[in-house]
Amino acid sequence: MMEFKATIGGKPAHVGSDFAVLNPATGEEVGRAPNMGGAELDAAVAVAKAAFATWSAQTDAALQAACAAVTAKIEEHAAELAEIITLEQGKPLNGLGSRWEVGGAVAWAGYTTGLSLPVKVLQDNEAGRVELHRKPLGVIGSITPWNFPVMIAVWHILPALRTGNTVVVKPSPYTPLSTLRLVEIMNEVLPPGVVNVVTGDDKAFNLGGAMSVHPDIRKIVFTGSCATGQKVMQSAAATMKRLTLELGGNDAGIVLPDADPQAIAEGLFWGAFINNGQTCAAMKRLYVHDTIHDAVCDALVAYAKNIPVGNGMEEASILGPIQNRMQFDKVSRLVADAKGRGKVLLGGAPGEGLFFPPTIVAGLRNGDALVDEEQFGPALPIIRYSDVEEAIRLANDSPNGLGGSVWSSDIAAAKAVASRLACGSVWINKHGAIQPNAPFGGVKASGIGVEFAEEGLAEYTDIQVVFA
Ligand code: NAD
């Protein structure tokens, strides 16, 4: 069994108790994570606050060089990190799995390193000069979920460092090990206290809640469920923390009547089933026009039924188990309910342990639980429609607004429909393809603020305007 330590102030933190982290493919213990409480959180925030004074005073070039060194470290340890992710998260090493996740983390870290927020001159004339400066905030509290533990931690940590902030990161109790190792690796090239990690089992003590009210944390960047995001927002009010909240989605895809079912089947499948559907911006509802409904269903099922599902450590596996029992039970409940309302085209019955086969259920409608709720798992509902206006209305009939997609052979027609979807990202003939140079965030209940690109970087700063 591997050993994992939390890093606080550049050193391993000594904690009295720990908790087990289980491999979702086998139920076996992968390792143990420190079970920390308020004292450890206070210690981590205190060293991060102390480190901020010198870290934020560096030149922009020095910050950039440090971020480049961090990026190189992640790349150097890519294989090791991918293995830890597979063991604790369940996603395969292969395919769009853990190697791909770490590759993404390196790409994002590298791109973020190259970004900058130079001083903007708003006015320079005989009446005076007005400059807009971006100032780091202080200690950033990062709270991450269990679906992409390393990539999301990098999405939070790198822009914070790049803009001169210091960080305390708290991973999900389901997947803390890869983050413990990530922070240890980062500390090989960073001054003590710049990036720290705290872990806990969320039972006796709620670390995330304590971070949200901590007076010395200036911003929370949170990725997780809508319900927890709302709690973070409430808790953050008393200390007027800055917030970036990347929350849940219930993304709709709309297939227009002129789409080619064979050509779109693979994209539809991966749009919905990437990371076993445990992806914020996965396609979670699919609206298909009546005239090609059956052909799209047939092509999608034909593609899906050949995807190998198994233990992620085996190279042959392309999808793994559901990550945890709570999520497995949710998917099981939603699929059981959908069976009585629609027609199961593929899968539909839970497998061994936490394995659940890719499941496709047609004949569903808005109002059915699998359509209305975020399933966050390998089960896609298909809704037949005959009027595009109706499909747009049904797609927008959701409290969420993370992503959406339109599938068509006519790009202009697809873009016209796309512009009417109430969501932060919309894709044509693909779904969920995010990239580091494009801001990403949700509208409506899917969150506040954006990540990535200059717009995302700016969220780690306050504006100071200098009038000279
Ligand atoms: P979750 O909300 O249960 O947990 C997220 C994190 O919050 C964990 O680290 C958890 O320990 C912590 N937490 C628990 N209680 C807290 C509290 N009271 N205050 C502060 N933090 C607390 O989410 P999850 O189940 O880990 O992740 C799945 C959800 O995340 C899905 O809804 C998914 O759509 C969403 N998600 C969104 C994005 C995005 O970018 N929009 C990306 C990935 C996942």
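Counting starts at 1 for both ligands and their atoms, following the listed order. For this chain, numbers begin at 1 and follow the sequence in order.
Ligand 1 has an N or O atom lying under 3.5 Å from an N or O atom of Glu374, backbone or side chain. The shortest N or O to N or O distance between Ser225 and ligand 1 is under 3.5 Å. Ligand 1 has an N or O atom lying under 3.5 Å from an N or O atom of Lys170, backbone or side chain. Ligand 1 has no nitrogen or oxygen under 3.5 angstrom from a nitrogen or oxygen of Cys280. Checked against a 3.5 angstrom limit, the closest N/O atoms of Leu247 and ligand 1 fall inside it. Of the polar atoms of Glu451, none of the N or O atoms is found under 3.5 Å from an N or O of ligand 1, judged by distance alone.
Counting heavy atoms from C-beta on, the side chains of Val70 and Val195 never come closer than 4.5 Å. With a 4.5 Å cut-off on side-chain heavy atoms, Leu319 and Pro358 count as touching. Taking 4.5 Å as the limit, some side-chain heavy atom of Arg162 sits within range of a side-chain heavy atom of Leu63. At least one side-chain heavy atom of Val450 sits less than 4.5 Å from a side-chain heavy atom of Glu459. Residues Val361 and Lys339 fail the side-chain proximity criterion, which asks for heavy atoms closer than 4.5 Å.
Each of the following atoms of ligand 1 lies closer than 4.0 Å to a heavy atom of Asp202: 10 (C), 11 (O), 14 (C). Close approach of ligand 1 to Thr144 (heavy-atom distance below 4.0 Å) involves ligand atoms 6 (C), 8 (C), 9 (O). Numbered from 1 in the order shown, with element, the atoms of ligand 1 that lie under 4.0 Å from a heavy atom of Gly209 read 17 (C), 19 (N), 20 (C). For ligand 1, the atoms sitting less than 4.0 Å from at least one non-hydrogen atom of Pro173 are 11 (O), numbered in the order shown with element in parentheses. Counting the atoms of ligand 1 from 1 in the order shown, those under 4.0 Å from a heavy atom of Leu402 are 41 (N). The atoms of ligand 1 that sit less than 4.0 Å from any heavy atom of Val232 are 19 (N), 20 (C). Of all the atoms in ligand 1, the ones that sit under 4.0 Å from a non-hydrogen atom of Ile143 are 6 (C), 7 (O), 9 (O), 12 (C), 20 (C), 21 (N). With ligand atoms numbered from 1 in the order given, ligand 1 contributes 9 (O) to contacts under 4.0 Å with heavy atoms of Pro171.
With Phe148 as the aromatic partner, Lys91 meets the cation-pi criteria of under 6.0 angstrom to the ring centre and within 45 degrees of the ring axis.
Between Arg181 and Glu88, none of the side-chain N atoms (NZ, or NE/NH1/NH2) sits under 4.0 Å from a carboxylate O, so this pair counts as no salt bridge. Lys5 and Glu184 are not joined by a salt bridge, as no carboxylate oxygen comes within less than 4.0 angstrom of a charged side-chain nitrogen.
If you check which protein heavy atom lies closest to atom 44 (C) of ligand 1, you get Asn147 ND2, 3.4 Å. Of the protein's non-hydrogen atoms, Pro145 CB, 3.3 Å is the one closest to atom 27 (O) of ligand 1. Nearest to atom 33 (C) of ligand 1 among the protein's heavy atoms is Phe376 CE1, 3.2 Å. Given atom 40 (O) of ligand 1, the protein heavy atom at minimum distance is Glu246 CB, 3.2 Å. Here the heavy atom of the protein found nearest to atom 21 (N) of ligand 1 is Gly208 CA, 3.4 Å. Looking from atom 22 (C) of ligand 1 to the surrounding protein, the closest heavy atom is Thr228 CG2, 3.3 Å. Distance from atom 25 (O) of ligand 1 to its nearest protein heavy atom, with residue and atom name: Trp146 NE1, 2.9 Å. Closest to atom 18 (N) of ligand 1 among all protein heavy atoms lies Asn206 ND2, 3.4 Å.
The closest heavy-atom contact to atom 35 (C) of ligand 1, among the options Ala227, Gly224, Cys226, comes from Gly224.
At least one donor-acceptor pair closer than 3.5 Å links the side chain of Asn165 to the backbone N or O of Leu137. Looking at Asn276, its side chain does come within 3.5 Å of a backbone N or O of Pro321 through a donor-acceptor pair.
Residue contact annotation: Gly442 has no non-hydrogen atom under 4.0 Å from ligand 1. Heavy atoms of Phe148 come nearer than 4.0 angstrom to ligand 1 in no pair at all. Residue Leu207 places no heavy atom under 4.0 Å from ligand 1. Contact between Gly447 and ligand 1 is absent, with no heavy atom of the residue lying under 4.0 Å from the ligand. At least one heavy atom of Phe440 sits closer than 4.0 Å to an atom of ligand 1.
The closest side-chain donor-acceptor pair between Trp427 and Ser425, if any, does not fall under 3.5 angstrom. No hydrogens or angles considered: a donor-acceptor pair under 3.5 Å links the side chains of Asn437 and Gln435. Looking only at atom types and distance, the side chain of Ser212 has no donor-acceptor partner in the side chain of Lys241 under 3.5 Å away.
Each of Leu364, Val331, Thr359, Asp337 was scored for a side chain to side chain contact (heavy atoms under 4.5 Å, CB included) with Leu370, with one residue passing: Leu364.
Heavy atoms from other residues, nucleotides or ligands lying under 6.0 Å from CD of Glu75 number 12 at most.
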Problem - From CA spacing to verdict: side chain to side chain contact (heavy atoms under 4.5 Å, CB included), Thr175, Val21 - result: CA-CA 7 Å; Thr175 55; Val21 179; over 6 Å; no

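Using bins of under 30°, 30° to 60° and over 60° for the plane-to-plane angle, the ring pair Phe452/Trp155 lands in the perpendicular bin.
Less than 4.0 angstrom separates atom 4 (O) of ligand 1 from none of the non-hydrogen atoms of the protein.
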